[in-house]
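Step one of this worksheet: look at the structure below.
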2 protein chains.
Amino acid sequence: MAREKTSPRNKTSPGPTHKGGTRRRSPQIQKPKSRIQQANERKIIDAAIKQFSRHGFRGTTIDQIAHRAKLSKPNLLYYFKTKEALYAQSLNYVLDIWLSPLETLNPDDDPETALSNYIEKKMELSRKHPDASRMFAMEIIEGAKTVRSVLDTRLAALTKSKRRVLAKWSREGKLARIDGAHLLFAIWAVTQHYADFEAQVLSQTGKTLRDRQFFEEATDTIKRIIFHGVIR
Amino acid sequence: MAREKTSPRNKTSPGPTHKGGTRRRSPQIQKPKSRIQQANERKIIDAAIKQFSRHGFRGTTIDQIAHRAKLSKPNLLYYFKTKEALYAQSLNYVLDIWLSPLETLNPDDDPETALSNYIEKKMELSRKHPDASRMFAMEIIEGAKTVRSVLDTRLAALTKSKRRVLAKWSREGKLARIDGAHLLFAIWAVTQHYADFEAQVLSQTGKTLRDRQFFEEATDTIKRIIFHGVIR
DNA sequence: GTCTATAGTCCGATAGAC
DNA sequence: GTCTATCGGACTATAGAC
């Protein structure tokens, strides 16, 4: 509702999700992209993620992104026809980053190893890509209008499969008898908190995940809480 | 940076934090507020929280808030001189709600009772005031420009005092030997997740906290994870 | 206190030269 | 592909009647 009002014309295009385009023409209608083109698009998307993650869609101006990417505003719009399209493509990037750790949760490991690896991957993501994490968080808080379809399909399929793994471990007596969905939410929430609420964490502890020791301490404490609880 | 550009003049006023003004004049310079005035201000702030929580500062227009509160735009601006002032006052409201549960964490209870009560209070807050939770989350993600001073003073004092309680329980062998700051973060993250990431929770489970059974299940599972862990 | 009208600004998007 | 210039809509805030 806020978004439509921005633009006079209502382009419904989230743009083609096409990515990883190779140099030689693939058997599609799409034109191949030159090297400058790819480099510029990448620069723009990086700048866009930084800006969108701090100010949201409406709070960000094309000018700010262009300035960050060291391009002029019309030049940026040469690569991405509309602000909407740029937002959608940036979010696609973020989504790929966000989804990848979950795929590695291995059913053949024992639960402690598998969850330990998963928590570490999520924490590394919070450390290396806090902007991506924040942009994703904002999109969800704002109602997930743009990514809802991905959540309903790709993420839903992934969580369903991983919940089956967790349920199996439960039946085997290796894991507490709890609903896997809530366990996944808990892991997402706790690990992303250090990126999304960085300002608050910084205010209360004076540290961020860029502090190596703090990072280790946080990761270790999260594992201990989730694996063995705090009540003695 | 995004915010200043909105308004031509830069009013630095976050407005008086004065609140709970009684009918009769208090020994201050402030004028007393009439009944209509109070009712209208309350209506406006409620509407503002809903709108800001979904679209952020720039994504929200005064018109939208006015419409929600069933007032005209200039009439709203009669009560709050600028959009900035309205944002700051709404955030004050939200902060009071957000801070209250932590104050009740009772050092004289045993840890399980005290933390159980705290988690319940936080979850009830996520259920009853998801908008407030989301507005707070957005403000933090955007860098906490407006609330940083409160985080650094009021919240810091509160967490410091509560961390002492947690440390005492640790020394007494009632609680695992972990840093209380990370435990507090974990509880905040997990409980607020159901409000802030409602769209994602809904997508993956088909439910929200408004579903009574789901609420009970979520609260219970969170307690079990944090109290006793998931590895068996 | 509440309204209509409007001033003044910002920003997304395009035109068109190079 | 990249730039300068600019159009036109949307938004905050104020003026001023009632």
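By convention in this document, chain letters (A, B, ...) are assigned in the order of the sequence lines, proteins followed by strands, and residues within each chain are numbered from 1.
- If you measure from atom CD of Gln38(A) to atom P of dG1(D), you get 11 Å, rounded to the nearest angstrom.
- The side chain of Pro74(B) sits closest to dT4(C) out of dA15(C), dA13(D), dT4(C).
- If you take NE2 of His67(A) and P of dC3(D), they are 12 Å apart, rounded to a whole angstrom.
- Close placement of the Phe214(A) and His182(B) rings is indicated, their centers lying within 6.0 Å of each other.
- Look at Tyr78(A) and you won't find any side-chain N or O under 4.0 angstrom from OP1 or OP2 of dA13(C).
- Under the 4.0 Å criterion applied to side-chain N and carboxylate O atoms, Asp46(B) and Lys43(B) are not assigned as salt-bridge partners.
- When the P atom of dA17(C) is taken as reference, atom CG of Asn75(A) falls 18 Å away, rounded to whole Å.
- Among His129(B), Lys128(B), Arg134(B), the single residue meeting the side chain to side chain donor-acceptor pair (under 3.5 Å) criterion with Asp131(B) is Arg134(B).
- For the pair Leu76(A) CG and dT2(D) C1', the interatomic distance rounds to 12 Å; values are reported in whole Å.
- Ile62(A) comes within 4.0 angstrom of the backbone, heavy atoms only, and of no base.
- Contacts of Phe80(B) with the nucleic acid, taken as non-hydrogen atoms under 4.0 Å apart, are absent.
- Side-chain atoms of Glu139(B) do not come within 3.5 Å of backbone N or O of Phe136(B) as any donor-acceptor pair.
- Phosphate proximity of dG1(D) to Ser34(A): present, with a side-chain N or O under 4.0 Å from OP1 or OP2.
- The listed nucleotides are dA13(D), dA13(C), dC3(D); the one nearest the side chain of Thr82(A) is dA13(C).
- What separates CZ of Arg58(A) from P of dC11(C) is a distance of 11 Å, to the nearest Å.
- Taking side-chain N and O atoms only, Thr61(B) has no distance below 4.0 Å to OP1 or OP2 of dC11(D).
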